[in-house]
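To find a chain, count down the sequence lines: A is the first, B the second, and so on, and within it residues start at 1.
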Amino acid sequence: MKIKFSGVSKVFEPGIVALRDIHLQIDKGEFVYVVGATGSGKSTLLKLITREMIPTRGSVFVNDVNLRKMRAVDIPYYRRDVGLVAQDFRLIPHLTVFENVAFVMEAMAVPPRMVEYRASKVIEQVGLWRRRFMRPPQLSGGEQQRVAIARALANSPSLFVADEPTGNLDFRTAADVMKILLSINAAGVTVVMTTHNQYIVDSCRQRVIELSEGKLVRDEQLGRYTLDDNF
Amino acid sequence: MTTFSYILRDTGRLLIRHWFLGLLTLLTTSVMVWILGLTTLFSLNVRHQLSRLESELVVQPYLKKGAEVEKVAEKIRAMPAVLSLKPLSPEDSLAKLQSRMGSQSRALSLMGTNPLPWNFEVRVRSAREVEPLVRTLMGMEEIDDVVYAGMVVQRVASLSRVTSRAAVVMFVIAILVTSLVVYNTIHISLYSRREEIAIMYLVGATRSYISTPFVLEGTFLALLGSLMAVGGIALAYLPGIRILQENLPFLSLLENPRVIGQFCLLLVGFGATLGWVCSCIVVMRFMSSTIRPD
């Protein structure tokens, strides 16, 4: 999926500016880190891509489709092609790990056998096979994070949007998650992820977009995480 | 198939999750539909009684001596309230009177000549038209007197009007109360799962996929409530009319099983439709406010 931000600003009431005049293009199959301090507008940027929010000014285009003009009935179909990992996981607490992953496919009327096969495959991929019958409240933060990743992968999306997918994970699990993300990117999926993890950004060098107070201050191919100096 | 089984599973889950609220909805719907059903049946019975009386409704104008029978008959036949007219000669009238008096009919022979004039048996279309017709007939110079059993019919007609109004009022109350209860139940169900709904929408579930279990929950509760009400009506109405007919055999009541069955089906349909409409409204309102982008 190709994403284009054209003069995008987002202002929250009362007058809090989350993003200011963002011009940005992410091509199909790219891997992009979005970095920046807390409150710099990273999550807002991702929410504009998933159309959880609409810009106050400017437009966001995905595959040349203006998301602002997208009809309400088309939004679910668009989102099925976007794998989303939210910062707060957004798992359904009364469903098991397996059900949380499977229901995304059930919503698309995928045949039961295929649902079982795909759900099992992605749960195994994120290393939660032995936890598949547990419910999110019974899992650790890291495990919940991996369930969210598995759910995002279930529909084989063309775009993977992750808000700090390694935020709650230990070093080893974070590395495993990165392996998964790099492998799906290698398969042609566009990946956009926000992160505070300097080690990951510096060791898996990809395009880095840095936001500061809602402004795009850096856009660097094979960039580094250079926020250290600001702390 | 997957979607269908998910929707059924989720509807069951919703019903179990708020079982107490569901039970209250079920009972309220059931009581409201039961009262509505009985009120309507009472009203229908009064109407039935009225229409029977109307079919037997006869106005008898007596002609003055020397009046031209055929001309007067033509005049009355032309009136819109008149259903049919049968002229009765003085001899026919006397014979009728004798047969009605039975063993006392011999008393009539004491009168010597037949005192009865020509008269008509006029059948009227409806009870409401009796009074105006009688007034018109009284105004005709060829008519000496008019005899009719108007008061009973008038009273039944006014009772019919009252019961029809009561049925309409009950219908409105049933709609309001049932709608309110179903609306609240579904709203609470939706509210308790608002985060889940937002997540489902975020990962690509369509509105219909998310909302169908809630709509089914409301429809199911209202349908079950109506079925219970119909059971209650069968228990109350059928023995009730049996007792009435034993004690008041002159009453003609609705007891045709086919008609009662159709009425019950109508009630169940009404309950289920009401549940479905209310659930749809609350779900649509909730969905548009919950999943609106910031």
Is the [atom1] atom of [X] crowded by more than 12 outside heavy atoms at less than 6.0 Å?
X	atom1	result
A:Phe5	CZ	yes
A:Glu116	CD	no
A:Tyr77	OH	no
B:Phe42	CZ	no
A:Arg68	CZ	yes
A:Gln138	CD	yes
B:Trp19	CH2	no

Supply the atom-to-atom distance [X] [atom1] to [Y] [atom2], rounded to the nearest 0.5 angstrom.
X	Y	atom1	atom2	answer
A:Arg90	B:Met200	CZ	CE	14.5 Å
A:Asp88	B:Ile199	CG	CD1	8.0 Å
A:His94	B:Arg13	NE2	CZ	5.5 Å
B:Glu195	A:Leu91	CD	CG	11.5 Å
A:Arg51	B:Leu202	CZ	CG	12.5 Å

> Closest heavy-atom contact between B:Tyr209 and A:Phe103?
Replying inline: OH-O, 3.9 Å
> Relative to chain B, which segment of A:Lys47 carries a heavy atom at a distance below 4.5 Å: side chain, backbone, both, or neither?
Replying inline: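 It is neither, since no heavy atom gets under 4.5 Å.
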>> Does any backbone or side-chain atom of A:Leu95 lie under 4.5 Å from a heavy atom of chain B? Answer side chain, backbone, both or neither.
In response: side chain
> Within the side chain of A:Arg79, is there an N or O that forms a donor-acceptor pair under 3.5 Å with the backbone of B:Tyr201?
Replying inline: yes
> Can a salt bridge be assigned to the pair B:Arg9 and A:Glu106 using a cut-off of 4.0 Å between side-chain N and carboxylate O?
Replying inline: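 A:Glu106 and B:Arg9: salt-bridged.
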